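So the structure is just underneath, and the comments pick up after that.
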There are 2 protein chains.
Amino acid sequence: MTEQRTERRPTRQRAAIADALVGTAEFRSAQEIHAALAGRGERVGLATVYRNLQAMAGDGEVDVIRTADGEAVYRSCATDDHHHHVVCRSCGLAVEVTGDAVERWAEAVAAEHGFTAVRHTVEIDGLCADCAARR
Amino acid sequence: MTEQRTERRPTRQRAAIADALVGTAEFRSAQEIHAALAGRGERVGLATVYRNLQAMAGDGEVDVIRTADGEAVYRSCATDDHHHHVVCRSCGLAVEVTGDAVERWAEAVAAEHGFTAVRHTVEIDGLCADCAARR
DNA sequence: CCACGATTTGACAACGGTTCTCATCCTGAA
DNA sequence: TTCAGGATGAGAACCGTTGTCAAATCGTGG
Ligand SMILES: [Zn+2]
Ligand SMILES: [Zn+2]
Ligand SMILES: [Zn+2]
Ligand SMILES: [Zn+2]
């Protein structure tokens, strides 16, 4: 359960990928990040992007969720603490939210059925105010 | 927001697929279902399994969730009402759960940030009592 | 400053799940 | 029964992701 911060070596590529993630409020796929880096002149292999992204996700440096069609999208979190997201279906805008209520509910309902080592994923999506207005 | 029950034609294949889903408490992938049907002598094309499965999911007849590696797995729900699942990471056992607390929380936290047309997915996973004991 | 073992990278092949294509088969309605 | 259009199946196509392995890179000890 304890996140073991695997010792990893700092490289230009890793920094570039991390850079591409900061500042963007939306979730981005590995391929989008790869393209963004390429367009910016940063030469980074696609496999490297995938490798680093999942390494970062494993270390909890970034959040990763699955789109409806199964694609993995990443986002650098503002906080290290456990949290969830409300994502706009139209523009991708994502805000981070927390809620003890859900956390406790998840834990309780699982325990109630004899489950242990419980984890959970909660994703909320809708239309942000801007996109709703632009209708 | 209202699920429009698309008029679909009844076929032998559709029935077979629906059959393969009832009785099993675990989530199964399209390919597993296809294999199960084949082994049972039911000849159904893989594409057809995919098509029907997503059609049923669209109509809310079955639940669909994504495994960690992005594979879509389906399960016929015992109830038509909105609910969630607690799934065993080891054996796949799934129990259906509901909770007004989460529903309200999701709605509230989304509205709080200006989001509308809100939806959500909540998946809880852990080790069921049996699997935990079998350690 | 340099040599060396361990990591990391990158180009490309391979993979696996899902979707597309389209000729053929069925179904419900007339 | 006939007919128009939805449904099916076999296989190719798609596409995100992972594997391969030689070459480049990094930290370290000398
Ligand atoms: Zn938006
Ligand atoms: Zn949580
Ligand atoms: Zn179990
Ligand atoms: Zn719910």
Side-chain angles (χ1 to χ4, degrees), chain A residues 4-21 26-59 61-75 87 92 123, chain B residues 4-21 26-59 61-75 92 121 123:
Chain A
Q4 48 189 337
R5 185 151 319 263
T6 314
E7 194 53 48
R8 278 182 291 131
R9 206 147 57 173
T11 66
R12 172 182 64 79
Q13 293 85 340
R14 177 185 307 289
I17 294 172
D19 254 25
L21 280 173
E26 297 92 37
F27 281 88
R28 309 177 71 182
S29 71
Q31 315 231 29
E32 287 175 332
I33 292 173
H34 176 251
L37 291 177
R40 186 190 304 184
E42 285 282 2
R43 184 140 342 209
V44 181
L46 178 58
T48 299
V49 175
Y50 274 104
R51 276 188 297 244
N52 281 344
L53 243 22
Q54 32 194 57
M56 294 183 203
D59 287 358
E61 294 177 34
V62 301
D63 271 3
V64 51
I65 61 180
R66 291 264 176 190
T67 62
D69 54 308
E71 191 178 17
V73 287
Y74 306 81
R75 177 174 186 279
V87 184
E123 293 302 334
Chain B
Q4 47 190 340
R5 184 150 319 257
T6 314
E7 195 53 48
R8 280 181 292 129
R9 230 189 292 192
T11 65
R12 170 183 65 78
Q13 293 83 340
R14 177 184 306 289
I17 294 172
D19 254 26
L21 280 173
E26 296 93 38
F27 282 88
R28 308 177 71 183
S29 70
Q31 315 232 25
E32 286 176 332
I33 292 173
H34 176 252
L37 291 178
R40 186 191 303 183
E42 284 283 2
R43 181 132 348 208
V44 181
L46 179 56
T48 300
V49 175
Y50 274 103
R51 276 188 297 244
N52 282 338
L53 245 19
Q54 35 195 53
M56 295 183 201
D59 286 359
E61 294 177 34
V62 301
D63 272 4
V64 51
I65 62 179
R66 292 265 174 189
T67 62
D69 53 309
E71 190 178 18
V73 287
Y74 306 82
R75 178 175 187 278
T121 61
E123 292 302 333

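Hydrogens, waters and symmetry mates play no part in the numbers below; they use all other heavy atoms, side chains included. Not measured: the values here are computed from a predicted model. A, B, ... follow the sequence lines: proteins, then strands. Residue 1 opens every chain.
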Donor-acceptor pair under 3.5 Å: do we get one between R9(B)'s side chain and the base of dT27(C)?
-> yes

Report yes or no: is there a donor-acceptor pair, N or O only, under 3.5 Å between the side chain of R51(A) and the base of dG10(C)?
-> yes

Find the distance [X]:[atom1] to [N]:[atom2] and express it as a whole number of Å.
X	N	atom1	atom2	result
L37(A)	dG10(C)	CG	C1'	14 Å
E42(A)	dG10(C)	CD	P	10 Å
L46(A)	dT20(D)	CG	P	17 Å
R8(B)	dA7(D)	CZ	P	8 Å
E71(A)	dT17(D)	CD	P	5 Å
R43(B)	dT8(D)	CZ	C1'	14 Å
E32(B)	dG16(C)	CD	P	15 Å
R12(A)	dT25(D)	CZ	P	9 Å

So what does N52(A) hit on the nucleic acid, given a heavy-atom distance under 4.0 Å: a base, only sugar-phosphate, or nothing?
-> sugar-phosphate

Sugar-phosphate only, base, or nothing, as touched by Q54(B) at under 4.0 Å among non-hydrogen atoms = sugar-phosphate

L21(A) side chain reached by L53(A) side chain, heavy atoms, under 4.5 Å = yes

For the side chain of A47(A), starting at C-beta, report the closest nucleotide among dA11(C), dG27(D), dT17(D).
-> dA11(C)

Answer yes or no: is there a donor N or O on one side and an acceptor on the other, between the side chain of R28(A) and the main chain of A36(A), under 3.5 Å?
-> no

Using modelled atom types only, decide if a donor and an acceptor are shared between the side chain of R66(A) and the backbone of E71(B) within a distance under 3.5 Å.
-> no

Taking 4.0 Å as the cut-off, does a side-chain nitrogen or oxygen of [X] come that near to OP1 or OP2 on [N]?
X	N	answer
Y50(B)	dT18(C)	yes
Q13(A)	dG10(C)	yes
T11(B)	dT8(D)	yes

Could you tell me whether E61(A) and R14(A) have a side-chain N and a carboxylate O separated by less than 4.0 Å?
-> no

Whichever of V49(A) and S29(B) has the more 5' nearest nucleotide on DNA chain C, that residue is V49(A)

Gap separating the OH atom of Y50(A) from the CD1 atom of I33(A), nearest 0.5 angstrom | 10.0 Å

